[in-house]
J.: 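Dropping the structure in here first, questions after.
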Amino acid sequence: MSLNKNNITFYFLLFFCALSVAQEQVENKNDSILIENLDEVIVTATRTIRQLSSLPLPVTLIGKEQLQRTGVTRLNEILNEQTGIIMTPDATTGGGEGVQIQGIASDYILVLIDGVPVVGRSSGNLDLSRFAIGNIKQIEVVKGPSSSLFGSEALGGVINIITEKPTSENITGQVSHRAATFNNQNTNLSLNQRTKEIGYSIFADRLSTDGYDLTPTQDGQTVNPFLNYTFNGRIFFDVSKNINVFASGRYFFQEFDVTPSTSEEKDANAQLRINHNVSKKTNLQYEFYYTNYITDEQVIDPIDDELLIANDFNQKLFRPEIRFNHSFNPNNTLTIGGGYNFENLERSLFAETITFNSQYVFAQYDFKPIEKLNIITGARFDNHSEYNAQLSPKISAKYDISHSFAVKASVGSGFKAPDFRQLYLDFTNATGGGYSVFGKEVETVGIQRLEENGEIATLQVEPSQLGESLNAESSVGYNFGFAYKKGKLSSELNFFRNDFKNLIDTRILAAKTNGQNVFGYINRESVYTQGLELDLKYKLFKTLNLSTGYQLLFAFDKDKENALDNGEVFARDPETLETIRLSRSDYFGLENRSRHTFNFKAFYDIPKWNANANLRITYRSRFGLTDRNGNDLLDDFDNSFVDGYALVNMAFGKTFLKHYSLQLGVNNLLDFKGNNPLAAQDSEVLINPGIQLFTKLNIQF
Amino acid sequence: MKSALKLFSLLFMFVAFIACSDDEDDVPDLVAIEANTASNIPAPQTGGQGEPVGGPFTKFSFETGTTTNSETDWDIAFRGTSIAVNGGSTTGTTDEPERNGNAGAAIENSTFSEVASASGLTFTQDTDGAFAVPAGSDNGWYNYNPATFTITPIPGKILVIRTHDGKYAKIEILSYYRDAPAQPDPMSDESRVYTFKYVYNPNEGETSLVE
C-alpha cells in the first residue's frame, strides 16, 4: 500500500512547516485569513469589481470561510451544497458527474479560473473534481446566460474560481493533510508573500485514493484508484505606479490505476495579465492565455496484452484579449474588449488535427440613470471559422425600492459553439456492434466511404442534407427577482426561464448492412427550464449563521410536449404490455432533473474554545435517469427513477496554539446509498458510496 | 300529397331494408376475426456485434398462427431484430428465405385497437438492401437503449401486414425477451424471443382489423 509513502510525505511536510513556523516567530500578526472583506465583491458578473449585493443578476458567492470550514477539497463537493446547483451523476455508472444550474446541464456551463476558461471536456462534461480548492479565495457563480461577456458555453451560467492573492510582507502559508474514507489522502501546501513591488504565491496539492465501488456484486470498481497533483505558481509585479503584471501557471496531472491499461490526464494553463491604469478613470488590461489539455488512454486486454482501444485527446487554446474600462463617474463604467481564440485538437478518433479560429468583441455599459436604478447592458459578437457568427446581447437592471428591498431583472442570450466532436468525429465502434458516428463536417465523406465499401443498406436522409452546416446551440434566459435584506435576515427570490433552441442531437443518417446505424448530428431539440430559487440567510446569533435554499424546477422538451399534445407518444402498460397513449401529465421532463432541491446550512462558532462546527443538508427529489420503454422520453411508466434523497454533512474544527487547526468531519452522515433502478436483476447498483469520514490537520504559518 | 310522399318514402325505406338484409344473407359466412398472442417465438441469429449476421429466419404464418418451415406459406419471418416479409426480394444478407408471396408491411403510429383497417395504407416490400420493416434502432419497430443494453419495442408502432396471399393482419410486438418480462434484464433474460399480439382477418379481400 501507498500509506507508507504518504506518511513520509506527511512527516516531511510537518518538519518543513515546523521549520517555517520557527523562522517567523518575529512576524507581526497581520493575519490575512480571518479578516473577512467588509463587503463581498465579485468580478464575474461584469468583469469589473462589483459589490455582490448591488448586482442585478442572480449570483452565488462561496467564500473562503465556507470552503475551509466544510473541509471539502474539490470544486464539485462545495458546489453541490449551493441553492440551485447540483452535481448529477451520469445515467451510466462509472460515468462522470456534471454540474447543473437552473436545470441546465454541464455542457452549457462555462468554468473559469481567474477569469480564463478551462478546456477539456469529455462528451461535453467538464469534470469539476479536477479543481483543488486549497488556494482559492472565493468561487463566483453567475446564473443565467452570460455569453454577452464570455462567449461560447456560457448559457446556463459561469463558474469562476478566484485564487487568493498574497497580502503579507512575510512569508505566510499553510500546509495541510486530510485523510478520509477510501484511503483518500490529500496533502497541500501554499506559500505567499507580498513585498511592495512583487508578490508570489505557490500552491501544491496531492490527492490519492483507492476509489470506490457502486456495484458490489460486479467485478471492477466504479471509480478506480487514482492519484493527482496540482501545482500553481503566481507572480504579482508592480512595474510602476500604473502598471502591474500578473502571471500564473497551473499544472494538473492525474493517473488512474487500471493496470494493465493506462489512463492519464494533464491540464496546463499559463496566464499573463498586464494591467495599465492609464488615468484614474481609465484602465487597460492585456491578457494572454494558453491552455493545453491532454488525455491518454489505452485499454489493454489483461490476458493477451493486446491493445484494445487507444484514445488520445490533445486540445490547445491560445487566447490574447484586450479590455478597456472607463469610468465616467463611480457609477458609470464602460467596458470594451476584444480577443482572438486559436484552438486546435488532435484526437485519435479524428482523421486529422482540427483548428478553430474565432475573433470576438464585446462592450458593456454599467450605469445609473437615476440613483435607485442600475442598468447593465452589453453585447458580444463572436465570429468563428466553422459556424455562423453569434451576437449575444444582455440587459439587466436593479431597482432599489427601499434601502432593504430591491427588484432585479435580466434578459440575456447564450450560445454554445458546436464542439469538435460534433463537427469532426469519425468513429466506428468495433467492439459495440459496429455502429458509426460522423461529425457534421465529415459525414458526407464518411457516408461515401461506407457506400464504397458496400456497408450502407439504406440512407435515411436526403443526400442533399448531408454536410449542411450545424448552427450554434442558443438560449435566451430571463431572470426576475427580489432581494430583501434587513437586520439579521437576507433573502433572495428569483424566477427564471431559459429557452433553448437548436440543441444538437444525434440522428440516424443511414442503416448499415450489419443492422447497425450510422449517426450524425443535427440541430433539433428545443427545450426549456423554468422555476424559482429562494435563498434565505439568517444570523440567529453572532455565532450562529443559518441559511436555507430551495429550487423549484420544470425542465421539458418542447417538441416532446407537442408530440404528446398531438397524441403521438405511447407507452406500454407494464401489466398487460399493451400500448397506451400518453398525455402531457405522464411526461416527467428531462432526465436527471429533480423538481425540488433543498439545502440547509448552519455554521456555528464557539469562540471560547476557538472552535467551530457546521451542519449542511442537501436534498433532491425524485429524478429519472433514462427512457426505458422506447418512446424517447421520460414518462411515469419508465422504471428508471431514483427516489429523492438527502445528504447530511458535518464538520467540526478547532484551532490550537494559533497555528494548528484540526478538523473532523463526516460526509453523508446518514450513510445514504440509494438504489440505481437500472441495475440488472439480482445485482445492486448504488447511487452514493455511503458515509465518508475525514480528518484534517492544517498548519498556518 | 304530403301523405303520399310519406308513404312513398316509407315504402322506399322498407324495400331498401329488405334489400340490405338480403345482401347480408347472400354473403358467405365471414370467418370471425380474432385477436391472438404469439408467445416466445425464437428468432436466433449468428454473427452480429460487427460480424456478418446469418442463420435461418423463423417464419410465421398468420393463417395457422404458428411458426412454419414451409418455403411458401409464410407471411413474416424473424431473425434477431430483423423482420422479413414474404414479398419483394431478398435484402442481400445470408440465409434469407426466398420471397415468393405478395406480402408487404406498413408501420402505423397508434394504439393497437385504433388501427381498424388496412385500407388506404401503403405497403412496402423487402428489397435488395432494405427490409420493409426498417432495420436499426429507432428506424423500425425497436429502440436499443445503450444505457441499459435493452431492446424495447417502440410503443405505438403497429405493423400492418399484407400476408403472402393478400390478406391482412396487424401486429404489435410486445417483447424481445423470453416470457415477455415487463422489465427485461438483458444480462439474464434470453433475447431474440418475440412475443407479439396480432389480429388476422382471414377473409379474402377484407381490410377490417377489428374483432
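All values derive from a computational prediction rather than experimental measurement.
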J.: With only heavy atoms counted, which part of B:S82 is less than 4.5 Å from chain A, the side chain, the backbone, both or neither?
T.: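 Neither part.
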J.: When you measure from the side chain of A:N517 to the backbone N and O of B:S137, does any donor-acceptor pair fall under 3.5 Å?
T.: yes
J.: Tell me, for B:S110 versus chain A, whether the close heavy atoms (under 4.5 Å) come from the side chain, the backbone, both or neither.
T.: both
J.: Is it the case that over 12 heavy atoms from other parts of the model lie below 6.0 angstrom from the CD atom of B:E71?
T.: no
J.: For a quick test of reading the model, state the closest non-hydrogen atom pair linking A:R572 to B:E172 and the distance between them.
T.: NH1-OE2, 2.8 Å
J.: Working to the nearest 0.5 Å, report the span between OG1 of B:T111 and CD of A:E578.
T.: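 One gets 9.0 Å once the value is rounded to the nearest 0.5 Å.
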J.: How many angstroms lie between atom CG of B:N109 and atom CG of A:N566, to the nearest 0.5 angstrom?
T.: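 The CG atom of A:N566 is 11.0 Å from CG of B:N109, to the nearest 0.5 Å.
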J.: Search all heavy atoms of B:P155 against all heavy atoms of A:F570 and return the closest pair with its distance.
T.: CG-O, 3.2 Å
J.: At a 4.5 Å cut-off on heavy atoms, which part of B:P153 comes close to chain A: side chain, backbone, both, or neither?
T.: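 Its backbone and side chain both get close to chain A.
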J.: A:R628 side chain to B:Q183 main-chain N or O, any donor-acceptor pair under 3.5 Å?
T.: no
J.: Report yes if some heavy atom in the side chain of B:N145 is under 4.5 Å from a heavy atom in the side chain of A:T626; otherwise report no.
T.: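 Yes; the side chains approach each other to less than 4.5 Å.
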J.: In residues 631-641 of chain A, which residues are in contact with chain B at a heavy-atom separation under 4.5 Å?
T.: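 Listed by number: A:N631, A:N639.
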J.: So which atom in B:A182 and which in A:P574 form the shortest heavy-atom distance, rounded to 0.1 Å?
T.: CB-O, 3.3 Å
J.: At what distance, to the nearest 0.5 angstrom, does CD1 of B:I173 lie from CG of A:L577?
T.: 13.0 Å
J.: In chain order, what residues pass the salt bridge (Lys or Arg N to Asp or Glu O under 4.0 Å) check against A:R584, with sequence neighbours excluded?
T.: A:E561, A:D565
J.: Ignoring hydrogens, what is the shortest heavy-atom contact between A:I508 and B:N139? Give both atom names and the distance.
T.: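 In terms of heavy atoms, the two residues are closest at CD1-OD1, 3.2 Å.
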